[in-house]
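To keep things clear, I will list the structure first and then write my remarks on it.
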Amino acid sequence: MMLIDCPNCGPRNETEFKFGGQAHVAYPADPHALSDKEWAQFLFYRKNPKGINAERWVHAMGCRKWFNALRDTVTYEFKAIYRAGEERPALQSTDGGTR
Amino acid sequence: MAKHSVIESTTELRRSPAAHLDQLMAAATVTGARAVALREIAFATQVSLRAVPGSAGHQALAQATGVGLPEKVGQVAGEVSGTAVLWLGPDEFSVFNAAGEDLSPTLEAALAEHEGQVTDLSANRTVLELTGQAASLVLRKSCPADLHPRSFAVNQAITTTLANVPILLWRTTENGWYLMPRASFTEHVVHWLVDAMNEFASEPVI
């Protein structure tokens, strides 16, 4: 059982949340200008790092708001939680976090 | 020729989501030291409000409810006996009135042309009342939220899950809870609760 710290609701059980994929994937300014390859890159290609990953999460069973999180894909620890639209925070240390 | 009659009022025709489970809920009542009882509070008014805090619409709605709008998670403006406003999200609130007063005209008039939304959702959710010494124990069998009085005081409400479906959970008294599942989930939630209450009718095993 893991607690995820929703920016609006505080720590809640992970079963109330849904994963939304990689964060900071901006919609292309002019999609028509893209080649098929570039469009496919935007649609389907995502990072799969071993370590810290910036991800979108939604508190689906609570306030229904989206937020971003830095999560360690090795340990599943949430290192930082920040609101949608905010810059990705710099991590001082990768130790600790909630799991 | 078939006889036709004019329906004067739909009030007599309406049926609450747990009306047919009335006897089931009454039969599941447990008395004694581990008492717990379940009943439906039918046809309460529930109006959904959407307005961003700090906006003109938010201010207008806060005045119109008569009890303001809650500011953060868990907060309830007002009391269960009258009109109360529950916090569902930063810009989403639910106005509750057990007496079934029609509140939307006042709220709609107050919002007027401001940015926001007033929607009567009385038929969206029903209200189940779970009371008794063992009520929290019944909920703890499935609800993942922290129900300890330390973090969930009387007259606080949150959105969470019970029996794998989303519900609005409102602590109305120390041993009393309002559970608001969607109408279509009500039968499932009632059957789950009745089953969960069953163990408290017998002595604890250990």
Side-chain angles (χ1 to χ4, degrees), chain A residues 1-27 53-91 96-99, chain B residues 48-54 58 69-76 85-94 117 119 121 124-125 139-148 150-153 156-171 179-182 184-185 188-189 192:
Chain A
M1 207 73 95
M2 186 176 71
L3 294 178
I4 298 176
D5 204 0
C6 170
N8 298 312
C9 304
R12 292 290 186 86
N13 195 296
E14 63 169 310
T15 53
E16 294 186 6
F17 295 84
K18 291 274 188 294
F19 174 70
Q22 184 185 325
H24 310 300
V25 180
Y27 190 78
N53 193 23
E55 299 168 340
R56 288 165 13 105
W57 285 78
V58 61
H59 192 190
M61 301 286 201
C63 60
R64 303 191 294 156
K65 297 292 180 198
W66 288 87
F67 59 91
N68 293 334
L70 294 182
R71 186 177 67 93
D72 191 325
T73 57
V74 178
T75 61
Y76 218 93
E77 284 170 340
F78 279 74
K79 303 294 189 183
I81 302 251
Y82 52 108
R83 290 178 184 275
E86 286 180 2
E87 290 286 315
R88 175 182 171 148
L91 286 178
T98 58
R99 175 161 61 171
Chain B
S48 163
L49 305 182
R50 299 293 302 255
V52 178
H58 188 272
L69 293 174
E71 287 164 16
K72 57 177 186 156
V73 61
Q75 279 190 356
V76 175
V85 189
L86 281 60
W87 188 97
L88 304 189
D91 57 358
E92 188 175 13
F93 313 92
S94 178
Q117 184 180 303
T119 319
L121 294 180
N124 181 35
R125 290 191 172 99
L139 292 178
R140 273 162 56 181
K141 287 175 133 186
S142 167
C143 181
D146 186 356
L147 305 181
H148 193 281
R150 174 182 58 222
S151 64
F152 205 142
Q156 285 201 336
I158 59 166
T159 45
T160 182
T161 60
L162 184 81
N164 294 326
V165 299
I167 58 156
L168 249 167
L169 186 62
W170 183 5
R171 185 175 215 147
L179 287 63
M180 304 179 200
R182 298 251 156 77
S184 55
F185 287 137
H188 162 69
V189 172
W192 188 91

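In what follows, chains carry the letters A, B, and so on, assigned in the order in which the sequence lines appear, proteins first and then strands, with residues in each chain numbered from 1. Values below: all heavy atoms of this structure, side chains included; hydrogens, waters and symmetry mates excluded. In this text, all values refer to a predicted model and were calculated from it rather than measured experimentally.
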List, with distances to 0.1 Å, the donor-acceptor pairs found between chain B and chain A - the cut-off being under 3.5 Å and no angle criterion applied.
| residue | atom | partner | partner atom | Å |
| --- | --- | --- | --- | --- |
| B/Asp91 | OD1 | A/Lys65 | NZ | 3.0 |
| B/Asp91 | OD2 | A/Lys65 | NZ | 3.3 |
| B/Glu92 | OE1 | A/Arg64 | NH2 | 2.8 |
| B/Glu92 | OE2 | A/Arg64 | NH2 | 2.7 |
| B/Thr159 | O | A/Arg12 | NH1 | 3.0 |
| B/Thr159 | OG1 | A/Gly62 | O | 3.3 |
| B/Thr160 | OG1 | A/Glu16 | OE2 | 2.7 |

- Under 4.5 Å, counting heavy-atom pairs only, tell me which of B/Pro90, B/Ala145, B/Pro166 racks up the most with chain A. B/Pro90
- Message: Please enumerate all residues that pass ring pair (Phe, Tyr, Trp, His ring centres under 6.0 Å) together with B/Phe185, with sequence neighbours excluded.
- Response: none
- Message: Counting heavy-atom pairs under 4.5 Å with chain B, which one of A/Cys9, A/Pro11, A/Gly10 comes out on top?
- Response: A/Cys9
